Amino acid sequence: MSHCRMAVPANAFLYLTEQGDVVVQGEPLVTGFEVAPQFDRTALITALRADQAGGTTFPEFVRGCWNAGIIWYDVDTTARTCTYHGANGESYTEDYPPVTLP
C-alpha cells in the first residue's frame with residue numbers, strides 16, 4: 001500500500017496498492033444532509049494524541065476527527081505523513097518516523 005484516503009463522514013477507506021485499489025466501507029457517521037463541523041486544529045490534535053496513547057477505539061477516533069471538522073485524511077506511506085483536511089481548504093499534517101521491526 002502506498003497511499004490511503006479516508007472519507008470521514010462516509011467512514012470509507014480507499015487503499016491504493018500495486019495489486020489493485022481496494023475500498024473498505026464502514027458504518028457511515030452521517031446519513032442524509034448534515035452541516036459539516038468547522039475545522040478545529042486543537043480538537044483534532046486532542047483526538048490524535050488520545051488515539052496514539054491507546055485511549056480510544058478506531059471508531060471513537062474517526063468520530064473525533066469528524067467532530068474536529070475533518071472531512072477526509074490522506075496517508076502517504078512513502079512520505080510517512082498523514083494530512084487531515086477540513087471542508088474549506090484547511091489542513092494539518094503529521095509526520096511519522098520510520099519504524100524498524102525486529
Side-chain angles (χ1 to χ4, degrees):
M1 178 189 77
S2 64
H3 188 91
C4 76
R5 173 170 280 183
M6 167 58 132
V8 175
N11 198 13
F13 272 107
L14 170 63
Y15 294 94
L16 305 178
T17 75
E18 291 179 8
Q19 293 76 32
D21 303 332
V22 177
V23 174
V24 177
Q25 177 65 59
E27 184 70 30
L29 299 183
V30 299
T31 57
F33 291 94
E34 187 165 329
V35 174
Q38 292 295 309
F39 183 84
D40 183 338
R41 184 179 189 271
T42 301
L44 171 61
I45 292 171
T46 298
L48 283 166
R49 299 301 175 256
D51 186 64
Q52 291 165 346
T56 60
T57 64
F58 184 70
E60 290 169 333
F61 169 68
V62 174
R63 176 61 66 183
C65 286
W66 173 247
N67 291 339
I70 303 306
I71 305 304
W72 80 90
Y73 61 84
D74 289 308
V75 178
D76 183 331
T77 58
T78 303
R80 295 186 318 273
T81 60
C82 185
T83 303
Y84 299 84
H85 300 272
N88 295 306
E90 313 93 340
S91 67
Y92 172 78
T93 300
E94 289 234 329
D95 297 306
Y96 294 94
V99 174
T100 304
L101 300 175

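Quick caveat, the model's predicted, so the values are computed rather than measured. Computed from heavy atoms alone, side chains included, the values below leave out hydrogens, waters and symmetry copies.
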- For Leu101, which fellow cluster members are found when Ile, Leu, Val, Met, Phe, Trp and Tyr are connected by side-chain heavy-atom distances below 4.5 angstrom, either directly or through intermediates? Val99
- Using links of under 4.5 Å between side-chain heavy atoms of ILVMFWY residues, direct or through other members, which residues join Leu14 in one cluster? Leu16, Val23
- Query: Can you name the residues that form a side-chain contact (heavy atoms from CB on, under 4.5 Å) with Gln19, not counting sequence neighbours?
  - Reply: Thr17
- Step-by-step side chain to side chain contact (heavy atoms under 4.5 Å, CB included) determination, Gln38 to Asn88: CA-CA 9 Å; Gln38 292 295 309; Asn88 295 306; 4.3 Å; yes
Considering only residues two or more places apart or on different chains, which pairs with a residue in [range] satisfy salt bridge (Lys or Arg N to Asp or Glu O under 4.0 Å)?
range: residues 29-45; value: none
range: residues 10-19; value: none
range: residues 84-102; value: Arg49-Glu94

- Query: Applying the 4.5 Å side-chain criterion to the ILVMFWY set and letting contacts propagate, would Leu29 and Phe58 be lumped into a single cluster?
  - Reply: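 Linked, Leu29 and Phe58 end up in one cluster.
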- With a 4.5 Å limit on heavy-atom distance, are the side chains of Ile70 and Tyr92 in contact?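 No; the side chains remain at least 4.5 Å from each other.
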- Query: According to the interplanar angle, ranging from 0 to 90°, do the rings of His85 and Trp72 count as parallel (below 30°), tilted (30 to 60°) or perpendicular (above 60°)?
  - Reply: parallel
- Query: Which is it for Thr81 and Asp76 under the side-chain hydrogen bond (donor to acceptor under 3.5 Å, both in side chains) test, yes or no, and what are the steps along the way?
  - Reply: CA-CA 5 Å; Thr81 60; Asp76 183 331; 4.9 Å; no
- Message: Using the ring-ring contact (aromatic ring centres under 6.0 Å, His included) criterion, which residues pair with Trp66? Sequence neighbours excluded.
- Response: none
What are the two closest non-hydrogen atoms of [X] and [Y], and how far apart are they?
X: Thr83; Y: Ser91; answer: CG2-CB, 4.0 Å
X: Ile71; Y: Ala87; answer: CG1-N, 3.4 Å
X: Cys65; Y: Leu44; answer: SG-CD1, 4.2 Å

Contacts table for residues 4-11: side-chain donor-acceptor under 3.5 angstrom, sequence neighbours left out:
{"unit_1": "Arg5", "atom_1": "NE", "unit_2": "Asp74", "atom_2": "OD1", "d": "2.6"}
{"unit_1": "Arg5", "atom_1": "NH2", "unit_2": "Asp74", "atom_2": "OD1", "d": "3.3"}
{"unit_1": "Arg5", "atom_1": "NH2", "unit_2": "Asp74", "atom_2": "OD2", "d": "3.0"}
{"unit_1": "Asn11", "atom_1": "ND2", "unit_2": "Glu27", "atom_2": "O", "d": "3.0"}

- Query: Among pairs that include at least one residue of residues 15-54, which meet ring-ring contact (aromatic ring centres under 6.0 Å, His included), considering only residues two or more places apart or in two chains?
  - Reply: Phe13-Tyr15
- Query: Of all residues at least two apart in sequence or in a different chain, which pass the side-chain hydrogen bond (donor to acceptor under 3.5 Å, both in side chains) check with Thr77?
  - Reply: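 Partners of Thr77 by the side-chain hydrogen bond (donor to acceptor under 3.5 Å, both in side chains) criterion come out as none, since no residue qualifies.
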- Residue list, salt bridge (charged side-chain N to carboxylate O under 4.0 Å, His left out) with Glu60, at least two apart or on another chain: none
